[in-house]
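Values below: every heavy atom of this structure, side chains too, minus hydrogens, waters and symmetry copies. Along the sequence shown, the residues carry numbers beginning at 1.
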Amino acid sequence: ASFMRFYTETIIAPAGQHASALLPDGSQVELNAASEISFHPYWWRFERKVEFEGEAFFEIEKGSKFSVVSANGITEVLGTSFNINARTDSYQVLCVTGQVRVSNAQSNVVLNPKQQAVLDGEDLKSLDVESTDEYLAWVENKFVFNGVSVTEVVAELELQYDVKITIQNNAIAEMKYSGNFPMSIPIDNTLEIISQGLGVSFTKSADGVYLLSN
């Protein structure tokens with residue numbers, strides 16, 4: 001009984017890679033880069049619960065309550081699909097189909113499709129989103145940036161390609177960038193596209209670190 005209760009399976013998507021997880025009830029999870037999910041397969045019929053950090057898209061089979069536990073909150077559903085981004089201090093839950101309840105020690109919100117829960121200080125608040133495309137682009141191996149800072153763009157590139165990118169100064173870091181292209185192209189081609197759009201250049205050092213500069 002103790003073995004059944006505490007035996008744990010863990011699936012990890014390292015930086016630069018995606019991974020898929022099939023849960024015991026047939027629910028499916030697509031893990032973004034640098035993400036990890038753990039669950040108790042032999043206890044699943046008694047409690048559908050996973051522990052999770054990173055970013056993932058969940059498609060949950062209908063059944064008993066399903067819980068996703070992260071450092072900054074708990075997401076609970078019966079049968080639905082949703083995206084969770086739970087990296088470090090960040091916590092965002094996007095409801096795609098069905099209904100999702102998101103809670104932490106201070107508050108809780110219920111989400112319908114095209115609504116998102118985000119942390120506001122220590123409290124959760126819900127926001128309407130016009131389109132889910134930008135949030136779910138990674139599931140289709142695409143980058144979609146809509147007026148985001150270069151700092152955010154670089155963070156995403158480092159995650160997906162498992163590389164180090166340095167920004168020369170704050171003027172470049174604060175620039176806004178919009179664009180979309182597949183993740184399948186090499187990092188050099190991706191930086192070329194972004195650099196041309198921003199009017200900056202990039203170089204690669206002998207130790208493999210990229211520099212964005214004027």
Side-chain angles (χ1 to χ4, degrees), residues 1-14 17-88 90-120 123-142 144 159 183:
S2 179
F3 173 82
M4 289 177 60
R5 176 66 184 88
F6 296 108
Y7 174 77
T8 302
E9 285 190 12
T10 299
I11 298 172
I12 299 172
Q17 298 180 37
H18 293 181
S20 299
L22 182 64
L23 301 180
D25 61 354
S27 297
Q28 298 184 52
V29 185
E30 294 297 321
L31 296 170
N32 201 348
S35 301
E36 179 177 324
I37 189 170
S38 299
F39 58 95
H40 304 296
Y42 297 116
W43 200 253
W44 194 259
R45 59 178 174 170
F46 303 110
E47 184 179 38
R48 298 201 303 170
K49 182 175 78 171
V50 301
E51 295 185 359
F52 170 74
E53 293 300 328
E55 182 171 18
F57 179 69
F58 294 78
E59 292 186 280
I60 305 306
E61 293 292 326
K62 291 183 178 179
S64 59
K65 183 178 71 174
F66 183 98
S67 302
V68 182
V69 180
S70 299
N72 288 319
I74 299 173
T75 301
E76 298 174 317
V77 301
L78 295 178
T80 184
S81 60
F82 54 95
N83 192 79
I84 298 180
N85 188 334
R87 299 189 186 279
T88 317
S90 166
Y91 189 62
Q92 300 173 338
V93 180
L94 174 69
C95 181
V96 180
T97 62
Q99 196 173 66
V100 175
R101 181 177 182 269
V102 186
S103 61
N104 63 10
Q106 284 71 37
S107 57
N108 69 84
V109 295
V110 176
L111 305 177
N112 294 307
K114 298 180 74 172
Q115 288 187 320
Q116 183 182 45
V118 297
L119 276 178
D120 182 12
D123 294 326
L124 290 161
K125 67 176 182 180
S126 62
L127 303 171
D128 294 331
V129 300
E130 292 185 5
S131 172
T132 60
D133 293 348
E134 181 179 354
Y135 301 96
L136 301 179
W138 71 267
V139 180
E140 299 179 357
N141 288 306
K142 296 178 181 177
V144 176
L159 187 71
M183 291 181 179

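- At a threshold of 4.5 Å between non-hydrogen side-chain atoms, the residues Asn104 and Leu119 count as touching.
- Counting heavy atoms from C-beta outward, Leu23 and Phe66 have side chains that approach closer than 4.5 Å.
- Side-chain atoms of Ser35 come within 3.5 Å of backbone atoms of Glu55 as a donor-acceptor pair (strictly under, hydrogens ignored).
- A donor-acceptor pair under 3.5 Å links the side-chain atoms of Ser107 to the main chain of Leu124, judged by distance alone.
- Atoms CZ and SG, on Arg101 and Cys95 in that order, are 14.5 Å from each other to the nearest 0.5 Å.
- A donor-acceptor pair under 3.5 Å links the side-chain atoms of Arg48 to the main chain of Leu78, judged by distance alone.
- Pro24 and Pro41 get closest at one heavy-atom pair: CG-CA, 4.0 Å.
- Not a single donor-acceptor pair under 3.5 Å links the side chain of Gln92 to the backbone N or O of Gln116.
- The distance from atom CD of Glu9 to atom OH of Tyr42, rounded to the nearest 0.5 Å, is 7.0 Å.
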For this session: Output, in order, the C-alpha distance, side-chain angles, deciding distance and verdict of side chain to side chain contact (heavy atoms under 4.5 Å, CB included) for Val144 and Asp133.
Result: CA-CA 8 Å; Val144 176; Asp133 293 348; 5.9 Å; no

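- In this structure, the separation between CG on Asn32 and CG on Asn83 is 8.0 Å, given to the nearest 0.5 Å.
- The CG atom of Asn108 sits 10.5 Å away from atom CG of Asp123, with the distance rounded to the nearest 0.5 Å.
- Val109 and Ser126 make their closest contact through CG1-N, 4.3 Å (heavy atoms, listed as atom of the first residue, atom of the second, distance).
- Under a 3.5 Å cut-off, the side chain of Gln115 and the backbone N or O of Asn112 do form a donor-acceptor pair.
- Across Val77 and Gln99, no two heavy atoms sit closer than the pair CG1-O, 3.8 Å.
- Distance check, rounded to the nearest 0.5 Å: CD of Glu61 to CG of Asp25 gives 6.5 Å.
- In this structure, the side chain of Ser70 engages the main chain of Phe52 through a donor-acceptor pair within 3.5 Å.
- The shortest heavy-atom contact between Leu159 and Ala33 is O-CB, 3.4 Å.
- His18 is linked by a ring-ring contact (aromatic ring centres under 6.0 Å, His included) to Trp138, counting only residues two or more places apart in sequence or in another chain.
- With hydrogens and angles ignored, the 3.5 Å screen pairs a side-chain donor or acceptor of Thr8 with a backbone N or O of Phe6.
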Problem set entry | side chain to side chain contact (heavy atoms under 4.5 Å, CB included) between Glu134 and Val129, worked out | CA-CA 10 Å; Glu134 181 179 354; Val129 300; over 6 Å; no

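- Within the 4.5 Å cutoff, the side chain of Tyr135 has no heavy atoms near those of the Asn85 side chain.
- In this structure, the side chains of Phe58 and Val93 stay at 4.5 Å or more apart for every pair of heavy atoms.
- Heavy-atom neighbours of Arg5 CZ from other residues, nucleotides or ligands within 6.0 Å: above the threshold of 12.
- The minimum heavy-atom distance between Tyr91 and Ala86, with the atom names listed, is CD1-CB, 3.8 Å.
- In this structure, OG on Ser27 lies 10.5 Å from CZ on Phe39, to the nearest 0.5 angstrom.
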